[in-house]
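Heavy-atom basis, side chains included; hydrogens, waters and symmetry copies ignored.
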Amino acid sequence: MLDTAAGTKIQNVLSALNKALINRNIDEALELFAEDCYWRDLVAFTWNIKTVEGKAQIRDMLESRLDDVQPADWTVDDNEEPSHADGITEGFIEFDTGVARGYGYIRLKNGLIWTLLTTMHELKGYEEPKGLSRPLGAKHGEHQGEPTWAEEREAELAELGVTTQPYVLIIGGGQGGIALAARLRQHGVPALIVEKNERPGDSWRKRYKSLCLHDPVWYDHLPYIKFPDNWPVFSPKDKVGDWLEMYAKVMELNFWGSTAAKRASYDEATQTWTVVVDKDGEEITLKPKQLVLATGMSAKPNVPAIPGQDRFQGIQQHSSEHPGPDGMEGKKVVVIGSNNSSHDICAALAEHGVDVTMVQRSSTHISRSESLMKHSLGPLYSEEALANGITTEKADLLFASIPYGIMADFQKPIFDTIREEDAEFYRQLEEAGFMLDFGPDDSGLFMKYLRRASGYYIDVGASQLIIDGKIKLASGSDVKELTEHSVLLEDGRELPADVVIYATGYGSMNGWAADLISQDVADKVGKVWGLGSDTPKDPGPWEGEQRNMWKPTQQDGLWFHGGNLAQSRHYSHYLALQLKARMEGIPTPVYGLQETHHLS
């Protein structure tokens, strides 16, 4: 342990916690926690992604799990220096369980545990073959004459899904499915990706031509292979697509393109899925033990039902179908919606001289990309962060160490600063008629994303086009109906239109489960995404974690994986460990399996 005052404080608490837990003295352990305490666990204690809040919930978890988990050897990480500031002492920690090595982060307030993050780092006896244990690769000595790597790989590609079955079937070959498959590959878990598009990365290539990542490169790395140092800060969609295709090849992922999943059912007796897919026109039946829907947050387009859609004489598209501004010259385009996709589409159209109007039906949060980088992401994901020793992996854990129950308290000061620094920008937007918000509790963009995955735009230029009038704005009213050649708003305004684009987002991921499996299974699982914050589009009760994401669901063998690139990278690690443990027959009793409160 590093010999620092902060390190000594943390180690003293950890030593006391270690002793109490080894002795199964839960009362003694609880005395080490503050009254307003939070324990966030990623698989290590709960075989779940679960936050317990307050001493009563921590007691319940420990009473249920302590004998099975057998935690021990709690120490400060010798390689990381703890810190103390503003009354909080914090640092990275290590610990062991009966089956795994753990890693985490702790914050002490007044000498007591305020927040505790515990994560499963690796399963004992099933460590990834890397570093000193990496495979040899070459065939020397007695192994000479055996099949080459290329021959073995060719055989695997020919056999998996045909003569041998994948243990895990991943439906969806975007960044989520690819990141998870890479993790599973390194864990020796046979996995197959099926993707309706032809090539890895096509889910990016086929979006509107102006699409760029709004998150910076430091935030977007995939597992194992980081973007090179000369990669652009904000990646164009086709560049992301090419990277995903390269990644899938060099990581030796089993990827079936041009393959549509048609139907699936689960046999409770054999604990096996039957999944029928159409691969290049041929029906194939797969029999995986685990089924992962990695269709992302944009799996199920949400197209509102508006009177008059059947009589409108022009073009109607959901944003997922919109190719870009080509062919739109001379047309009047109305885009319904005011979040990221709407702004991107409107900006590309306006920059090509197209007459475009954005219909803003409700308020939207805007953060300038530069401000977001400076105040929010920059401290963890930037060149400056790297210079300060904060790697991507450390940044992921630091962000994960903040329980969702208090994350708004961490976020609000950031966005208060942004609102103050960018006051003139916001004044001009509001003068243009744009309806702004900073979330129901002024906590800004990330809480909106976590709660509802909508209602915001990271400004990379479209806002100035609205201010300048190059993107027309119709705000403050919903759409009443479509006529043959216009969009009629409820307040009586009529917007001439040759094209209507629905930038109206996407439905819950369990909607796709309903289509593939059954409505009963979709209802059994319930709504996917959201925290239960009881704010708009995130109904209560409080869950404390993302609903149904990266963890067991009410349907055995069914998992949901996705989110942005950062979440796909980070949580794929914990999902892969859960799947590996099940394949190896390691008992995985799940604590706190999420109840179903909402169907969609």
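Atom CG of Leu380 sits about 10.5 Å away from atom NZ of Lys394, to the nearest 0.5 Å. Note that the OG1 atom of Thr118 and the CD1 atom of Ile93 stand 7.5 Å from one another [nearest 0.5 Å]. Considering CD of Glu127 and OG of Ser133, their distance stands at 8.0 Å, rounded to 0.5 Å. Annotation: the span from Thr51 atom OG1 to Tyr38 atom OH amounts to 10.0 Å, rounded to 0.5 Å. With values rounded to the nearest 0.5 angstrom, Cys212 atom SG is found 10.0 Å from Lys237 atom NZ. Annotation: the span from Tyr105 atom OH to Glu90 atom CD amounts to 3.5 Å, rounded to 0.5 Å.
A side-chain donor-acceptor contact under 3.5 Å links Asp437 to the backbone of Gly439. Of the possible polar contacts, none joining the Thr46 side chain to the Leu42 backbone as a donor-acceptor pair under 3.5 Å is found. Of the possible donor and acceptor atoms, one in the side chain of Ser572 sits under 3.5 Å from a partner among the backbone N and O of Ser568.
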Point to revise | Stepwise side chain to side chain donor-acceptor pair (under 3.5 Å) check, Glu53 with Trp542 | key: CA-CA 11 Å; Glu53 304 180 0; Trp542 178 244; 2.9 Å; yes
Review point. Can you check side chain to side chain donor-acceptor pair (under 3.5 Å) on Asp422 and Ser371, steps first, answer last?
Key: CA-CA 8 Å; Asp422 293 337; Ser371 301; 2.5 Å; yes
Practice item. Take Phe410 and His375 through the test ring-ring contact (aromatic ring centres under 6.0 Å, His included) and record every step on the way to the result. Key: CA-CA 12 Å; Phe410 280 71; His375 297 291; over 10 Å; no
Practice item. Decide yes or no on side chain to side chain donor-acceptor pair (under 3.5 Å) for Asp459 and His343, but give the supporting numbers first. Key: CA-CA 8 Å; Asp459 179 38; His343 279 81; over 6 Å; no
Practice item. Start with the C-alpha gap between Gln70 and Thr97, add the side-chain angles, then the distance that decides, and say whether side chain to side chain contact (heavy atoms under 4.5 Å, CB included) holds. Key: CA-CA 5 Å; Gln70 302 177 34; Thr97 73; 6.0 Å; no
Practice item. Apply salt bridge (charged side-chain N to carboxylate O under 4.0 Å, His left out) to the pair Arg185 and Glu252, showing each step before the final yes or no. Key: CA-CA 8 Å; Arg185 180 83 183 182; Glu252 303 175 30; 3.0 Å; yes
Check your understanding: Are Lys412 and Met447 close enough, and set up right, to give a side chain to side chain contact (heavy atoms under 4.5 Å, CB included), and what steps lead you there?
Key -> CA-CA 9 Å; Lys412 188 177 182 301; Met447 294 311 300; over 6 Å; no
Exercise for review: Check the pair Thr535, Arg452 against side chain to side chain contact (heavy atoms under 4.5 Å, CB included), reporting the backbone distance first and the verdict last.
Suggested key: CA-CA 9 Å; Thr535 58; Arg452 52 183 282 192; over 6 Å; no
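Here the two rings, on Phe438 and Tyr426, have centers that are under 6.0 Å apart. Aromatic ring centres of Tyr381 and Trp218: separated by at least 6.0 Å. Between Tyr506 and Trp529, the distance separating the two ring centers is not shorter than 6.0 angstrom. Aromatic pair Trp550/Phe560: ring centres not closer than 6.0 Å. Ring centroid separation for the pair Tyr591 and Phe45 does not come in under the 6.0 Å cut-off.
Pro539 has its side chain out of reach of His597: every pair of non-hydrogen atoms, C-beta onward, lies at least 4.5 Å apart. For the pair Glu128/Glu122, no side-chain contact is recorded, criterion being any heavy-atom separation below 4.5 Å from C-beta on. Side-chain contact between Leu21 and Leu62 is present, with heavy atoms from C-beta onward closer than 4.5 Å. Looking at heavy atoms from C-beta onward, Trp204 lies in side-chain contact with Leu244 at the 4.5 angstrom threshold. By the 4.5 Å heavy-atom criterion applied to side chains, Glu543 and Gln594 are counted as neighbours. Within the 4.5 Å cutoff, no side-chain heavy atoms of Pro190 are placed close to those of Val168. The shortest side-chain heavy-atom distance between Leu66 and Pro71 falls under the 4.5 Å cut-off. Side-chain contact between Trp114 and Phe33: absent, with no pair of heavy atoms (C-beta onward) separated by less than 4.5 Å.
Of the N and O atoms on the side chains of Asp396 and His573, not one donor lies less than 3.5 Å from an acceptor on the other residue. Side-chain atoms of Tyr224 and Gln186 form no donor-acceptor pair, as typed in the model, at a separation below 3.5 Å. Remark: the Asn548 side chain and the Thr553 side chain contain no N/O donor-acceptor pair separated by less than 3.5 Å. A donor-acceptor contact closer than 3.5 angstrom links the side chains of Gln567 and Tyr449. His365 and Ser367 are linked by a side-chain donor-acceptor pair at a separation below 3.5 angstrom, with hydrogens and angles left out of the test. Side-chain contact check for Gln578 and Trp47: no donor-acceptor pair (N or O, by modelled atom type) lies under 3.5 Å.
If you run ring-ring contact (aromatic ring centres under 6.0 Å, His included) between Phe227 and each of Tyr247, Tyr219, Trp243, only Trp243 comes through. Here the options are Arg107, Lys55, Lys109, the test is salt bridge (Lys or Arg N to Asp or Glu O under 4.0 Å), and the partner is Asp36; only Lys109 passes.
Counting heavy-atom neighbours within 6.0 Å of Lys124 NZ, excluding the residue itself, gives a total above 12. Counting heavy atoms of neighbouring residues, nucleotides and ligands inside a 6.0 Å radius, atom CD of Glu595 does not exceed 12 of them. For Asn110, the CG atom is loosely surrounded, since the number of other residues' heavy atoms within 6.0 Å does not exceed 12. His121 NE2: 12 or fewer foreign heavy atoms inside a 6.0 Å radius.
Residues Arg547 and Asp538 are paired through a salt bridge, judged by an N-O separation under 4.0 Å between the basic side chain and the carboxylate. The existence of a salt bridge linking Lys226 and Glu393 is confirmed by a sub-4.0 Å separation between a basic side-chain nitrogen and an acidic carboxylate oxygen. Salt bridge present: Glu584 and Lys580 bring a charged side-chain N and a carboxylate O closer than 4.0 Å. Between Lys239 and Asp242 there is no salt bridge, since none of the side-chain N atoms of the basic residue sits less than 4.0 Å from a carboxylate O of the acidic one. The pair Asp441-Arg451 meets the salt-bridge criterion, since a charged nitrogen lies less than 4.0 angstrom from a carboxylate oxygen. Of the charged side-chain nitrogens involved, none lies within less than 4.0 Å of a carboxylate oxygen, so that Arg569 and Asp220 do not count as a salt-bridged pair. A salt bridge between Arg101 and Glu94 is absent, with no side-chain N of the basic residue lying under 4.0 Å from a carboxylate O of the acidic one. A salt bridge does not link Glu545 to Lys551: none of the charged nitrogens lies less than 4.0 Å from a carboxylate oxygen.
Within the cation-pi definition used here (under 6.0 Å to the ring centroid, within 45° of the axis), Lys19 does not qualify as a partner of Trp74. A cation-pi arrangement, defined by a distance under 6.0 Å to the six-membered ring centre and an angle within 45 degrees of its axis, is present between Arg40 and Tyr404. Cation-pi geometry between Arg368 and Tyr457 is not met: the NZ or CZ atom fails to fall both under 6.0 Å from the ring centre and inside 45° of the normal.
By the 30° and 60° cut-offs, the orientation of the rings of Tyr574 relative to His570 is perpendicular.
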